Protein chains: 2
Amino acid sequence: MPYDPSTFPPFAVTVDLVVLTVRKDALCSLVVRRGEPPYQGRWALPGGFVRDDEGLEVAASRELAEETGLLHSQATEGHRGGAHLEQLATYGAPQRDPRMRVVSVAYLVLAPDLPSPVAGGDARSARWAPSDALLDASEGLGRDAEQQAPLAFDHGQILQDGVERARSKIEYSSLATAFCPPEFTVGELRRVYEAVWGVALDPRNFHRKVTGTPGFLMPTGGTTTRQGGRPAQLFRTGEATVLNPPMLRPEA
Amino acid sequence: MPYDPSTFPPFAVTVDLVVLTVRKDALCSLVVRRGEPPYQGRWALPGGFVRDDEGLEVAASRELAEETGLLHSQATEGHRGGAHLEQLATYGAPQRDPRMRVVSVAYLVLAPDLPSPVAGGDARSARWAPSDALLDASEGLGRDAEQQAPLAFDHGQILQDGVERARSKIEYSSLATAFCPPEFTVGELRRVYEAVWGVALDPRNFHRKVTGTPGFLMPTGGTTTRQGGRPAQLFRTGEATVLNPPMLRPEA
DNA sequence: TCAATAGTGTCTCTCAGACAATATGCG
DNA sequence: CGCATATTGTCTGAGAGACACTATTGA
């Protein structure tokens, strides 16, 4: 045993949040502007230090509330009545933060579109940005004008992993409803899938599929006309959490 | 901002390994006996402290080599020529280690059956144990006699998450071949699926499915008789990493 | 009236599961 | 030969994708 555990090296542990929502038919991420070095003035994912008596998910939940006012559901894994929160991955490259050795546990949050852009507490400056633009910038792929600067630290990678997790997870779970208000129509749910995947889906096959999956959607009885055209039935999220068979993403 | 980052609380960061293999048609996990308190004498997952200048995956890889002599592939995500290693999840409940605040990043390793039980270095005492027995013990579900003691710390939960990840991931990826030697037969691959899922699969449909998925299996030309009966073709793992359509686990 | 969206029905192709039949080693 | 395993083939039902058609609102 060539290493003495009693002299373990001290680390700082943080949580970072990938908060996703669908606004104007586009997948958007919450980013905050950094007020101090390093990366001063750059956009970054919201997050902060884990306190010494605080669990990781509690810390993520606290940061979420501080930055957005959002509460996630109290249920162990569910998301009824609030945003969905789950652990994403942990990032701990030795030089990812130039100040000190920091290990960051990233969490993924799926939230419905929020009324105010951001009503956060200690967020100096925060906004919803289209995820595509942020990812292009972090890849160095941005177009000429209005070039988006890459996210601070390794947050571009974290965002990419979070977006990919969301894209993959709505295939085989009912999580897409976490992007919707408590009552929603089949068309609104379809636009969520289209925004997250960036593809067009056949409205007729989609309707047949989601209404035919037991426990996915529960009709509330009400109807509404939010997009013009024939009024649509309103639904709530059902009890099912896994979709079997899954909603398959179309091939490239 | 009611919290001063300059006084961040120090954490210890460890990696823990869920090392899975298939032995005698059963899914088995590598466990080591603890030589010191807390939980002295109990079985635990292998693992250790992350060093000061060391990345998380490097630390996991180092611990794997120290405990088993296994090397995982150098490729970023692949597993050709070695074990497969991927990050599983991070566990950081405030009291999970009574000595101090420890955040543990768990990694999942899928390895072929090893010749010697364990040829490890600093492993005082290590063995392969059937995952089912370990999980039953951690659930308090063990039968009367030869009761297996629960794993130390929260390692029962970590093992359960790792086993579930493996069960789920072989559905839609070619990772099941990581449990096989470099050359293997369709029957051997089928027994891997049966051991991991704990179900019986139809040999004929399984054969049609895996040989019909492009890029999953590459014939090497050789044949062998390892189980009696007609000789079987030998295959290597193909280039495909994702299985489309997936190998669906039968319902309960 | 038209435009737009919601919802139903029909056809075809792929694929999973059940299972018959044949191939080829070993004792 | 008898047994065990490998491999191929056939049938059937579930479900996805393409797309015609009807329903119901507002402009």
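Fair warning: this is a prediction, and the values are worked out from it, not measured in the lab. Below, read A as the first sequence line, B as the second, and so on, with proteins coming before strands; counting in each chain starts at 1.
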Chemist: Side chains of A/Ser131 and A/Ser29: donor-acceptor distance under 3.5 Å anywhere?
Modeler: yes
Chemist: Tell me every residue that passes side-chain hydrogen bond (donor to acceptor under 3.5 Å, both in side chains) with B/Gln87, counting only those two or more places apart in sequence or in another chain.
Modeler: B/Tyr107
Chemist: Applying ring-ring contact (aromatic ring centres under 6.0 Å, His included), can you list everything that pairs with A/Trp43, at least two apart in sequence or on another chain?
Modeler: none
Chemist: In chain order, what residues pass the side-chain hydrogen bond (donor to acceptor under 3.5 Å, both in side chains) check against B/Arg249, with sequence neighbours excluded?
Modeler: none
Chemist: Ignoring backbone atoms, test whether B/Lys209 places a side-chain nitrogen or oxygen under 4.0 Å from the OP1 or OP2 oxygen of C/dA16.
Modeler: yes
Chemist: For B/Ser104, which residues count as a side-chain hydrogen bond (donor to acceptor under 3.5 Å, both in side chains) partner, sequence neighbours excluded?
Modeler: B/Thr14, B/Asp16
Chemist: Partners of A/Arg165 by salt bridge (charged side-chain N to carboxylate O under 4.0 Å, His left out), sequence neighbours excluded?
Modeler: A/Glu86
Chemist: Per the side chain to side chain donor-acceptor pair (under 3.5 Å) rule, what does the pair list look like for residues 216-229 of chain A, sequence neighbours excluded?
Modeler: A/Glu188-A/Arg226
Chemist: Quick one: what's the B/S/- string for nucleotides 20-27 of chain C, heavy-atom cutoff under 4.0 Å, read 5' to 3'?
Modeler: B--BBB--
Chemist: Listed by chain and number, what are the side-chain contact (heavy atoms from CB on, under 4.5 Å) partners of B/Pro112, not counting sequence neighbours?
Modeler: none
Chemist: At 4.0 Å (heavy atoms only), tell me whether B/Arg226 reaches a base, stays on the sugar-phosphate, or touches nothing.
Modeler: nothing
Chemist: Taking A/Ala176's backbone N and O only, do any of them form a donor-acceptor pair with A/Lys169's side chain (distance below 3.5 Å, no angle check)?
Modeler: no
Chemist: Only pairs at least two apart or in different chains count here, so list each ring-ring contact (aromatic ring centres under 6.0 Å, His included) that has a residue in residues 204-242 of chain B.
Modeler: B/Tyr193-B/Phe206
Chemist: Output the rounded distance in Å from CZ (A/Phe206) to P (C/dT8).
Modeler: 15 Å
Chemist: I need the CG-P distance between A/Asn205 and C/dC11, as an integer number of Å.
Modeler: 15 Å
Chemist: Among residues 192-202 of chain A, which contact DNA chain C at a heavy-atom distance under 4.0 Å?
Modeler: none
Chemist: State which residues pass side-chain hydrogen bond (donor to acceptor under 3.5 Å, both in side chains) with A/Asp154; sequence neighbours excluded, sorted by chain then number.
Modeler: A/Arg96
Chemist: Taking any atom closer than 4.0 angstrom to a non-hydrogen atom of chain A, what span of DNA chain D does the protein reach, first nucleotide to last?
Modeler: D/dA16 to D/dT25
Chemist: Let me know the distance between CZ of A/Arg208 and P of C/dA6, rounded to the nearest Å.
Modeler: 17 Å
